[in-house]
Amino acid sequence: MSGSFTQPLVYFFGQGRADGTAAMKDVLGGKGAGLAEMTTLGIPVPPGFTIATNVCHSYLESRQFSPRLRGQVEHHLQRVEAATGKQFGGAEHPLLVSVRSGAPVSMPGMMETILNLGLNDATVEGMAVQSENPSFAWDSYRRFVQMYSSVVFDLPKQLFEQRLEARKRDCGATRDIDLPVTVLQALVREFKDLVKQETGKPFPDDPLSQLWGAIAAVFQSWNTRRAIDYRKLHGVPDTMGTAVNVVAMVFGNLGEDSGTGVAFTRDPSTGESRLYGEYLLNAQGEDVVSGARTPEPIASLNERMPHAYQELERTARVLERHFRDVQDLEFTIERGRLYMLQVRRAQRTGPAAVRIACEMVDERLITKEEAVARIPPKDLDQLLHPTIDQASQLDLLAVGLPASPGAACGIVVFDADKAERLGRSGQPVILVRRETSPEDFHGMVVAKAVLTARGGMTSHAAVVARGMGKPCVVGAATIDVDEANQQFTADGRSVREGEWISLDGGTGRVFAGQARLIDPALGEHFKRLMGWADDVRQLRVRVNADTPADSHRGRDFGAEGIGLCRTEHMFFEGDRLVVMREMILAQDEAGRRRALEKLLPMQRGDFEAIFRAMEGFPVTIRLLDPPLHEFLPKEDSEIVTLAGHLERPVDEIRRAVLSLQEVNPMLGLRGCRLGIVHPEITQMQTRAIFEAACAIAARRGRVMPEIMIPLTASAVEFRKQALVVRRVAEDVFNERQITVPYLLGTMIELPRAALTADELALEAQFFSFGTNDLTQTTWGLSRDDAGRFLPQYLEQGVIPSDPFQELDIPGVGKLIQMACELGRKTRPDLKLGICGEHGGEPNAVAFCDRLGMNYVSCSPFRVPIARLAAAQATLAARGTMDRTKATV
Ligand code: PEP
Ligand code: MG
């Protein structure tokens, strides 16, 4: 057994005292740390102990428990016996325990739990006498054998469910608890026989053997597929391990004066400040989350058990004030008495997170900086989610519970494996299940949205989807899901696999077909939070925009200029494509110039509109970049049509198209190479930019063009293109009798440019890092083909993440850092920015901030994410981070 001998392996809590604290999450896991802290705060928590996380890996390596661990567990078990006045395995006053996982990072529903442990044929009788409720005792025993068999012996749940359902049918019982004692006794026997038959071993009757079996199973559940998938998705290291919590049982299934539930100190969907949650009377914890029974909203508990409800409300307030954040609580009421079984930082939707942070600032619970530091930038995605256009024709199929906001359209898939396959191949899928279980997790990861027929707001589907920020509708009771035949029916209409549906996780409505989605409107809380972020951040945030519409959207999201206008995007539309093709396929320079003359007014119009949309802010325009064949016709019929348009022989066009084809177009005639080979293209584009800029300036508008040369590898290339740009600028200024200040810079997107950045900075006034190409060329990894094998690379751990999505800081980042340093050595006021996709990725934003860049630039919807990430980078550098006591 590894680990220091001075550190205990097991930590006790009970009777107002605890060996651990909330700060010891790494050792105790989230659940154990929360139980310890609540105990110390004087909140009623049943006594118990936590086996530390470091035991997990020792066990998983050796598959053995050390004598030291056994000694400590047995010692603390005796303390629990003393605290409860009960005896583990005792026939008169039997102590029963729950055995539950609890990693340092919350992994809801991913690992195992066993309740009612300690029951056997002798202790069940003690329980029956003590509770004066034999039915409860035997139902608990039945549940225990069932749960233990599936968790520890890995027997399929259905084996037990089928038998239970059959008995219920025979007796006409709707609830488990309504089964007569004799039937429950028969079921227990039947279950135990089944275990013997399936495993060849008898069900363990000795409570200590049961306990060690359960502890081993919880540790093993750290390495189930769903737990591994969850960790991968959330970036949780495999080395962390889970703790095991062994806690004295309290019973929510002792009658109508008992119950169990989950509550949030604020509404985790909207952020509204009110106790929110669900409960079930006469039930145990798994009944609430399994979706098998539909729980009641928490408010009604006030009518049924006002004392327990008020106690719960008071406890929720105490815990929220103490932890200074929204908490997610689990509780059980045993004969009218409230016990808390868990407290942890609540998972919440993006909109809720923002509202809660703002309101907590108003309540003086946290500072503005903490509010800014607290919101994961990617959570803003959910505020920026589209919604369904209500004005469009909608065909309502069903209405369920609005479990996680946002709207999505996709094709229906009923099976998680298939959803994963189709989703990974780029198809938008909506996973439809009767109810989800942790086995569906991998399908949910790739799905656009999730729909279930059963379950409540805290069901597995709801909790997991909210955590992922995915639209989700649960408990759509009018839907009948027929997973075997891959279809569902809703009010007599059937929807088969592969058909389109749309859903709105904010309203719970499900529609047939593909609805029109509209952009979200951002609320007051969002604006306040972003305002605080803007007050803090150093880094400017620009938008990548090629159209006036994108420019406006970028400005609405707070962009302070355009960091990348890809001019080639302007040529793909309508008439322009024909003229562009005429230019590319021209037989000589004169022909090319004639076509360019036609393109000039179009480009000038585009630039003027964009300058106007971004008035007062810098606009970086990149000269033509992509390989020319991207503009060429692919089909022969298109070639024939084009030949007609250009009034040239079809064969000639065919030959010209063929001659422009390249083996490696990404490394071919593109970027500044185009402008060097055909300077007239650069001349036309530059003229369009300056004529547009002069037109704005003539009307006293503020225009700040920054012209960018793409794919530069050497200072000579830059110099040659710079000469063309400067000459045209002078010409236009002379013609218009007006001068517009401008900057001339380069993209850094090839390793050679980074390596010779000091030379480039002799003439370039700014660098903008094109991390898409820089990643491609540094890794030698095609942007277009990497998707074929990157999943295997990720699977095998060759790379920690897709370098096109998350900046590879050790590799590509090193080149960026080198280029920044070399560039600024030559030109101390060199302006530095990034405009690859990574410009909106929080880790990359923090990296750019550390390098002292001037700005990041990203697509419009990522602008708010970048603003927040930039503010968090500044706060991290200042050491002002979230002071929340513990995020258990
Ligand atoms: C880049 O390479 O990062 C870049 C911004 O340019 P593009 O994606 O247009 O190649
Ligand atoms: Mg590029």
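In listed order, ligands and their atoms are each counted from 1.
Taking only nitrogen or oxygen atoms, main chain and side chain alike, Thr771 reaches within less than 3.5 Å of ligand 1. Between Arg622 and ligand 1, a contact under 3.5 Å exists for at least one N or O pair.
In this comparison of Glu749, Arg566, His838, Gln776, the heavy atom closest to atom 9 (O) of ligand 1 sits on Arg566.
The N, O or S atom of Asp773 with the smallest distance to the Mg ion (ligand 2) is OD2. When the N, O or S atoms of Glu749 are ranked by distance to the Mg ion (ligand 2), OE1 comes first.
The contact set between ligand 1 and Cys835, taken as ligand atoms under 4.0 Å from a residue heavy atom, comprises 5 (C). Every atom of ligand 1 with a heavy atom of Leu564 under 4.0 Å away is listed here by number and element: 5 (C).
The nearest pair of heavy atoms linking Phe557 to Pro860 is CD1-O, 3.0 Å. Across all non-hydrogen atoms, the minimal contact from Leu815 to Thr778 is CD1-OG1, 3.3 Å.
Residue contacts with ligand 1 include Met747, since one of its heavy atoms falls under 4.0 Å from the ligand.
Counted by atom type alone, Glu821 and Gln817 present one or more donor-acceptor pairs between their side chains at under 3.5 Å. At a cut-off of 3.5 Å, with distance as the only test, no side-chain donor of Thr771 or Glu837 sits close to an acceptor on the other residue. For Asn544 and Ser857, the side-chain atoms include at least one donor-acceptor pair closer than 3.5 Å.
Side chains of Phe571 and Leu599 form a contact here, defined as non-hydrogen atoms less than 4.5 Å apart.
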